[in-house]
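The structure under discussion appears below in the form of structure tokens.
To find a chain, count down the sequence lines: A is the first, B the second, and so on, and within it residues start at 1.
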There are 2 protein chains.
Amino acid sequence: MAIEHKTRTQLVVEAIREKILSGDIKAGDPLRQAALAEELNVSRIPIREALLQLEGEGLVEFEAHKGATATELSAAQVDEIFELRALLEAELLKHSIHKLTEQDFAEAQALLNELETAAAAGDSYLTTGTLNSRFHAKLYSRAERPHTEELVNMLNKNSERYARMHIMQSGGVDRAPDGHQELLDLCRSGNSSKACAFLQEHIVSAKDDIKALLLKMEAEA
Amino acid sequence: MAIEHKTRTQLVVEAIREKILSGDIKAGDPLRQAALAEELNVSRIPIREALLQLEGEGLVEFEAHKGATATELSAAQVDEIFELRALLEAELLKHSIHKLTEQDFAEAQALLNELETAAAAGDSYLTTGTLNSRFHAKLYSRAERPHTEELVNMLNKNSERYARMHIMQSGGVDRAPDGHQELLDLCRSGNSSKACAFLQEHIVSAKDDIKALLLKMEAEA
DNA sequence: TGATTGCATATCGCATACATTATACTGATC
DNA sequence: GATCAGTATAATGTATGCGATATGCAATCA
């Protein structure tokens, strides 16, 4: 296994992304190149390049001569992003479900068990969030749809910070591991249309929770 | 109207994008920073920043310490991209169709007439391609789904160069203005599900043509 | 007093120069 | 002749510094 040589720009990308997703940098905040450069002990070049990459991920907006800001999503936009996720993740599942092996199901089940344990133990978002992603990724793993997967990843990054906010707000409780179990069972049964419909439902209901939170915040502001 | 001040990086982005879409730079070709810098009379910094933006658009792939290459799409990937387009454009149409005004229909019809005239006159891709995009964009214009629109734009950029190749190959003839007319009529009739289904069909059939071409090219290589 | 112009400052955009990494080549060893 | 180590070369990655742009404030004028 080759050790990978990370470039400074990559490290900066990860640092800033985490700052945005964790809420350390809030939506709409300006991202000053010089300040970030000093904080991360690099020159402004890797900062600029990192910001450009994050713009591609949709987390940052760049305006010439004015600087970058963390993207701000309205309730309507969050709506759209979750609906896109529902659409595309269902598409992934549709293409993957019939190719999943017994091994895949077992691994998915293991991830789910781990997730339940972690959730019960009140572990941090870093743990539950990662397990959650890995569970979903496992279900889609046989889709062989790299572009769709990348789009889903991008949409997930965009919605993740709002999901985190929601979890914080509701006392750090992750919801719906039951839903996950039901989804997995449906996949095992091989009923593609039912499983996809359930998945869409699952994503859309998460949307509704988060949208409610956002509307409240918009009203306050 | 404020004159917009284009940054060097933006100009470079446009220059390289056009080189890729036009086939001047072919899929898989390496993009040497120094060479591009000299050719476009700028330093390597704006070149690097432009390449990063193009990576976000999916036209370029960046690998640390190895440089950038124009993205290469396998037949399977072209397949995927067109299916995504079909899915997402149908979604846009679904959300837009019932909000389209008589004015919108008239403008779409005008674009279509212009397109037919241009196609009959054998105009360049620059003309027909632009009209084609504007026609589709008009149909989606009331969707109010900015993220979906952006994804569609991105997918279009990725498929455009293959579409251009296909048109070149078949003697510069653009296909299916009839299909466009039928699509517009369906939209006018307000039959959402039929119109969306027809649109999907339209995109998928374009895919099949291009895929055939690509498979032939892969076989030759 | 209110609007407008000009200047000061913060910030960004980009050229130059140097550091680091990957790769092709050379020669030695088996 | 094949393989490997070591080096040379070319390309990328990053720091520094200067010129350009935007923005806020102060001075000026109607």
Bounds of contact between DNA chain C and chain B, in 5' to 3' order, using a heavy-atom cut-off under 4.0 Å: C/dG13 to C/dT23
Check: A/T69 side chain, A/D29 main-chain N or O, donor-acceptor pair, under 3.5 Å: no
Minimum heavy-atom distance between B/L214 and B/A75, given as atom pair plus value: CD1-CA, 4.3 Å
Phosphate-side-chain proximity, A/T9 and D/dG13, N/O vs OP1/OP2 below 4.0 Å: no
Sugar-phosphate only, base, or nothing, as touched by B/R48 at under 4.0 Å among non-hydrogen atoms: base
Sugar-phosphate, base or nothing in reach of B/L31, heavy atoms under 4.0 Å: sugar-phosphate
Student check: side-chain heavy atoms of B/S133 and B/N156 closer than 4.5 Å: no
Cationic N near anionic O, under 4.0 Å, A/K26 to A/E72: no
Shortest non-hydrogen separation from B/H166 to B/L213 and the atoms involved: CA-CD2, 3.7 Å
B/Q10 vs B/Q53, side chain to side chain donor-acceptor pair (under 3.5 Å): CA-CA, chis, key distance, verdict: CA-CA 9 Å; B/Q10 276 320 306; B/Q53 284 193 236; 3.1 Å; yes
Residues B/K19, B/E39; criterion salt bridge (Lys or Arg N to Asp or Glu O under 4.0 Å); working and verdict: CA-CA 13 Å; B/K19 270 177 187 291; B/E39 181 182 341; 2.8 Å; yes
B/V204 side chain reached by B/F82 side chain, heavy atoms, under 4.5 Å: no
Whole-Å distance separating the CG atom of B/L52 from the C1' atom of D/dT12: 12 Å
Residues from residues 53-68 of chain A lying under 4.0 Å of DNA chain D - heavy atoms: A/H65, A/K66
What nitrogen or oxygen pairs link the protein and nucleotides 15-17 of chain D at under 3.5 Å?
| from | atom 1 | to | atom 2 | distance (Å) |
| --- | --- | --- | --- | --- |
| D/dA15 | OP1 | A/R8 | NE | 3.3 |
| D/dA15 | OP2 | A/S43 | N | 2.7 |
| D/dA15 | OP2 | A/S43 | OG | 2.5 |

Separation of D/dT21 C1' from A/Q33 CD (nearest whole Å): 13 Å
Ion pair check, B/R85 and B/E89, cut-off under 4.0 Å: yes
Test item: A/L87 and A/E91 side chains (from C-beta on) under 4.5 Å apart, heavy atoms: no
B/H180 and B/H136 aromatic ring geometry - parallel, tilted or perpendicular at 30°/60° bounds: perpendicular
